[in-house]
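See structure below.
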Amino acid sequence: MIFIRYENWKSYLKFYPVTSLILVANIVMFLVLTLNGGSTNPYTLLRFGGIVDSGPQKWELWRLVASIFLHNGFTHLLFNSFALLVFAPPLERLMGWWRYALLYVMGGVVGNILSLGAWGGGPQDVVTVSVGASGAIFAVYGAFLYIALLQRSMMDEGSRKTLYVLLALGVIMSFTRQNVDWIAHIGGLIGGFFLYGLSIRVFPSRRQR
């Protein structure tokens, strides 16, 4: 079962440096938000990189990346951090640190772009701000889905079943919970699936040759 963590903290930091850095970045940015108006304050989120559905900031490209490391409240941070901590490490080991980092960021960006494209843009005095690592995390799930379907020998049956349950729950919660940017989630999932498939062809690791 690849989704069970046996490592101690020292080994975790050694084997999964990118995942560890992402977790630290998320926590640091949460503290920054908290000290500058609060992580649930839309104006604070907008100031530090939240993506918006209208106004002059809508297509500021830096927000597509910055928003991945921001979270709206502690519960949002906690759930995404747990998903990263437990489920992302096997992909980092499989792909190597820089391929994994590229997929994580680009998957989150793809989810954000699709989300922005789908937003019609409301009244100028009503701005929706979206933040969170969920699109990037769903990109990780998308990469695992590619492995489960097209590289079956690389994933055991127990991990495959766990992934399918995880995906089903993630999709259901994306559509049933309020204030969830489900387009970014599904966009990240699709982006991760195709980005992983592309990466193993353009940048094959030694394990995949």
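We count residues from 1, following the sequence as given. Everything numeric in this text was worked out from a predicted model, so none of it was measured.
Annotation: salt bridge (charged side-chain N to carboxylate O under 4.0 Å, His left out) contacts of Arg5 (sequence neighbours excluded): Glu7. Residues passing the ring-ring contact (aromatic ring centres under 6.0 Å, His included) test with Phe193, sequence neighbours excluded: Tyr146. Evaluation of the side chain to side chain donor-acceptor pair (under 3.5 Å) rule for Ser159 yields Asp156 as partners, not counting sequence neighbours. A search for ring-ring contact (aromatic ring centres under 6.0 Å, His included) contacts involving Phe48 returns nothing, not counting sequence neighbours. A search for side chain to side chain donor-acceptor pair (under 3.5 Å) contacts involving Asn8 returns Ser11, not counting sequence neighbours. Under the ring-ring contact (aromatic ring centres under 6.0 Å, His included) criterion, Phe15 pairs with no residue, sequence neighbours left out. Partners of Val105 by side chain to side chain contact (heavy atoms under 4.5 Å, CB included), not counting sequence neighbours, listed by chain and number: Val65, Val109. Qualifying side chain to side chain contact (heavy atoms under 4.5 Å, CB included) partners for Arg177, counting only residues two or more places apart in sequence or in other chains: Met173, Val180. For Trp62, the side chain to side chain donor-acceptor pair (under 3.5 Å) partners two or more places apart in sequence, or in a different chain, are Glu60. With sequence neighbours excluded, no residue satisfies side chain to side chain donor-acceptor pair (under 3.5 Å) with Ser39.
The nearest pair of heavy atoms linking Gly50 to Val131 is CA-CG1, 3.5 Å. Residues Gly187 and Leu114 come closest through the heavy atom pair CA-CD1, 3.5 Å. Closest approach of Thr19 to Ala88, counting heavy atoms only: OG1-CB, 4.3 Å. Nearest heavy-atom pair across Leu163 and Ala148 is CD2-CB, 3.8 Å. Considering every non-hydrogen atom in both Tyr16 and Arg93, the closest pair reads CE2-CG, 3.1 Å.
Taking CD1 of Ile51 as the start and CG of Leu116 as the end, the distance is 4.5 Å to the nearest 0.5 Å. Put simply, CG on Leu198 and CE on Met106 are 10.0 Å apart, with the number rounded to the nearest 0.5 Å. To the nearest 0.5 Å, atom CG of residue Asn80 and atom CG of residue Asn72 are 11.0 Å apart. In this structure, the separation between CZ on Phe74 and OG on Ser81 is 8.0 Å, given to the nearest 0.5 Å. If you take CD1 on Ile183 and CG on Asn112, they are separated by 11.5 Å, rounding to the nearest 0.5 Å. Of the inter-residue distances, the one linking Leu103 atom CG with Met95 atom CE reads 5.0 Å to the nearest 0.5 angstrom.
A donor-acceptor contact shorter than 3.5 Å links the side chain of Arg160 to the backbone of Met155. Arg63 places no side-chain N or O within 3.5 Å of a backbone atom of Trp59 that could act as its donor or acceptor partner. Although no hydrogens or angles enter the test, the distance criterion places no donor-acceptor pair under 3.5 Å between the side chain of Gln57 and the main chain of Leu46. Ser115 places no side-chain N or O within donor-acceptor distance of the main-chain N or O of Gly111, the cut-off being under 3.5 Å.
The only member of Leu84, Leu189, Ile68, Ile22 that meets side-chain contact (heavy atoms from CB on, under 4.5 Å) when paired with Ile137 is Leu84.
Under the 4.5 Å side-chain heavy-atom criterion for ILVMFWY residues, a single connected hydrophobic cluster contains both Val18 and Val86. A chain of hydrophobic side-chain contacts below 4.5 Å, direct or via other Ile, Leu, Val, Met, Phe, Trp or Tyr residues, connects Val140 to Leu150. Both Leu91 and Phe82 sit in one connected hydrophobic cluster of ILVMFWY residues. Membership requires side-chain heavy atoms under 4.5 Å apart, directly or through other members. Residues Leu78 and Val32 are members of separate hydrophobic clusters, defined by side-chain heavy-atom contacts under 4.5 angstrom among Ile, Leu, Val, Met, Phe, Trp and Tyr. The hydrophobic cluster containing Val129 does not contain Tyr43, counting ILVMFWY residues as joined when their side-chain heavy atoms lie under 4.5 angstrom apart, directly or transitively.
Judged purely by distance below 3.5 Å, without hydrogens or angles, the side chains of Ser130 and Asp181 pair a donor atom with an acceptor atom. With 3.5 Å as the limit, one finds no donor-acceptor pair spanning the side chains of Thr44 and Asn36. At a cut-off of 3.5 Å, with distance as the only test, no side-chain donor of His71 or Asn26 sits close to an acceptor on the other residue.
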Next item on the list: Test Ile147 against Leu94 for side chain to side chain contact (heavy atoms under 4.5 Å, CB included), laying out the working first.
Entry: CA-CA 11 Å; Ile147 295 169; Leu94 174 65; 3.3 Å; yes
Next item on the list: Could you check Leu70 against Phe30 for side chain to side chain contact (heavy atoms under 4.5 Å, CB included), going step by step and ending with a plain yes or no?
Entry: CA-CA 7 Å; Leu70 306 179; Phe30 180 79; over 6 Å; no
Item checked: CA sep, side-chain torsions, deciding dist, call: Leu33, Leu45, side chain to side chain contact (heavy atoms under 4.5 Å, CB included) -> CA-CA 7 Å; Leu33 294 176; Leu45 294 173; 3.7 Å; yes
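Listed by first then second residue, pairs satisfying ring pair (Phe, Tyr, Trp, His ring centres under 6.0 Å) with a partner in residues 149-190 read Phe138-His185, Phe175-Trp182, not counting sequence neighbours. Within the structure, the ring pair (Phe, Tyr, Trp, His ring centres under 6.0 Å) test picks out the following pairs touching residues 96-116 (sequence neighbours left out): Trp98-Phe203.
Phe3 places none of its side-chain heavy atoms less than 4.5 Å from the side chain of Leu166. Side-chain contact between Ile200 and Tyr196 is present, with at least one heavy-atom pair separated by less than 4.5 Å.
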